[in-house]
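One structure is given here, and the rest of the page talks about it.
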Amino acid sequence: MNHSKDPFQSALKVQEAIPQPPSVNPAWKKGHKQELLPIDTYIEGILSGNRVILSKAITLVESYLPEHRALAQQIIERCLPYTGNCIRIGITGIPGAGKSTFIESFGTFLTHQGHKVAVLAIDPSSQRTKGSILGDKTRMESLSVDQNAFIRPSPSAGSLGGVAQKTRESMMLCEAAQFDVIIVETVGVGQSETAVHSMVDFFLLLMIAGAGDELQGIKRGIMEMADALMINKADGDNLSAAQRAQASYKSALRIFPQPPSGWNPQVEIMSALENKGVEKVWDMIIDYLNTTKQNGYFQQKRNEQNQSILLESIKDNLLSGFFSHPVLKTALKTTEKKLLSGQVNPYVAAENLLNLYFEQLKS
Ligand code: GDP
């Protein structure tokens with residue numbers, strides 16, 4: 001364009017020939033690709049408790065990009081020696097039971113006592129709702145600005161197994177960043193309680209009075225996993241209903257077999273909203289830790305958790321290696337066709353496919 005013909009041409013006018021930088025980093029638009037830092041920056045940042053660096057490292061842990069995964073693995077490896085000296089608490093309960101209100105008051109109570117609290121979430125519904133727990137910024141208002149707290153929403157993609165693994169790894173990083181109380185929250189509606197139970201020391205079930213067991217989606221198995229049942233919203237007109245629920249849950253628990261921890265699960269009432277009875281949870285946890293550290297159960301449980309992570313991880317890697325191998329994908333399809341027309345025995349076919357896979361690995 002010849003600007004000399006433009007009567008409004010001025011020296012201040014931006015020339016077309018000068019390319020303008022985009023207002024948003026294009027790399028960010030393409031799936032929040034973050035700039036990688038040198039590994040030592042991550043390690044030093046995490047070990048000194050820098051929450052911004054911790055957040056960046058967790059983003060790597062949550063990523064599915066191979067270069068991010070590789071770096072994340074190195075970071076975790078180097079942080080491992082600094083993990084393990086913390087209390088891991090799992091919290092579950094139906095939506096509306098008061099989990100975030102409780103974590104807000106419980107977490108604040110702990111930070112006032114000098115603890116550093118990290119809150120993570122496992123949310124199996126997050127694929128559909130884009131993070132229904134911890135995703136809402138208005139939740140945990142004061143804890144989210146507390147210098148001694150770190151709140152991280154659930155990774156929003158992947159299978160429950162994948163999300164659980166990422167939460168475990170994030171937990172390691174939080175521990176290395178000197179957080180001594182880790183809270184893992186989940187919605188009590190499905191498989192995720194088992195996943196959370198398998199990564200924590202103490203498992204708390206939050207309930208409300210008046211909602212039947214079926215309504216609360218609480219199965220007997222989940223009650224059996226719980227180290228404590230807290231009946232929330234024990235305030236105002238709801239107080240006596242909460243007390244009645246406490247009595248009936250206490251008697252329900254009596255018929256359960258003695259748990260291997262040697263600790264008798266407690267049933268208490270509280271009001272997370274009015275901040276009443278929240279400290280009872282901490283007393284219980286301290287009591288639980290004393291009992292289980294003395295009788296050896298604490299360490300035994302952590303050892304068992306590590307063993308099952310090892311086995312699960314082998315299984316996951318074998319399965320994904322097998323099913324994503326291009327030669328095996330084709331062979332499996334062919335075998336399935338033959339199976340349908342009765343040409344092969346499924347047991348023999350499975351063995352043949354496995355042999356083919358191991359041959360492929362050698363070549
Ligand atoms: P979550 O879905 O389990 O995280 O539940 P929320 O913490 O978001 O709480 C759901 C609703 O119950 C909110 O309106 C809270 O204000 C209310 N709530 C939570 N705890 C209490 C409590 O102790 N007493 C009363 N009365 N309401 C509460």
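Every number for a ligand or one of its atoms is a count from 1 in the order of the listing.
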Next on the checklist: Heavy-atom contact check, 4.0 Å cutoff: does Ile94 meet ligand 1?
Outcome noted: yes
Checklist entry - Checking Asp180 side chain against Cys86 main chain: does a donor-acceptor pair fall under 3.5 Å? => result no
Next on the checklist: Which residue and atom name correspond to the protein heavy atom nearest atom 2 (O) of ligand 1, and how close is it?
Outcome noted: Gly96 N, 2.8 Å
Checklist entry - Are any side-chain N or O atoms of Asn317 and backbone N or O atoms of Ser313, one a donor and one an acceptor, separated by less than 3.5 Å? => result yes
Next on the checklist: So if I count the atoms of ligand 1 from 1 in the order they appear, which ones are less than 4.0 Å from some heavy atom of Ser100?
Outcome noted: 4 (O), 6 (P), 7 (O), 8 (O)
Checklist entry - Should Ala234 be counted as touching ligand 1, given the test is an N or O pair under 3.5 Å? => result no
Checklist entry - Counting heavy atoms only, which of Glu185, Met270, Lys233 is nearest atom 12 (O) of ligand 1? => result Lys233
Item to check | Ligand-residue contact atoms, ligand 1 with Lys99, heavy atoms, under 4.0 Å | outcome: 1 (P), 2 (O), 3 (O), 4 (O), 5 (O), 7 (O)
Next on the checklist: Applying a heavy-atom cut-off of 4.0 Å, say which part of Asn232 lies close to ligand 1: side chain, backbone, both or neither.
Outcome noted: side chain
Checklist entry - For Ala272, is the nearest heavy atom under 4.0 Å from an atom of ligand 1? => result yes
Next on the checklist: Consider side-chain hydrogen bond (donor to acceptor under 3.5 Å, both in side chains). Of Arg302, Lys293, Arg88, Lys301, which one does Asp201 pass it with?
Outcome noted: Arg302
Checklist entry - Is the side chain of Arg69 donor-acceptor paired with the backbone N or O of Val61 at a distance under 3.5 Å, no angle test? => result yes
Next on the checklist: Using a 4.0 Å cutoff against the non-hydrogen atoms of Asp235, which atoms of ligand 1 qualify?
Outcome noted: 22 (C), 23 (O), 24 (N), 25 (C), 26 (N)
Next on the checklist: Tell me whether Lys329 forms a cation-pi arrangement with Phe322, defined as NZ or CZ under 6.0 Å from the six-membered ring centre and within 45 degrees of its axis.
Outcome noted: no
Checklist outcome for this item: If we number the atoms of ligand 1 from 1 as shown, the ones under 4.0 Å from a heavy atom of Pro95 are 2 (O)
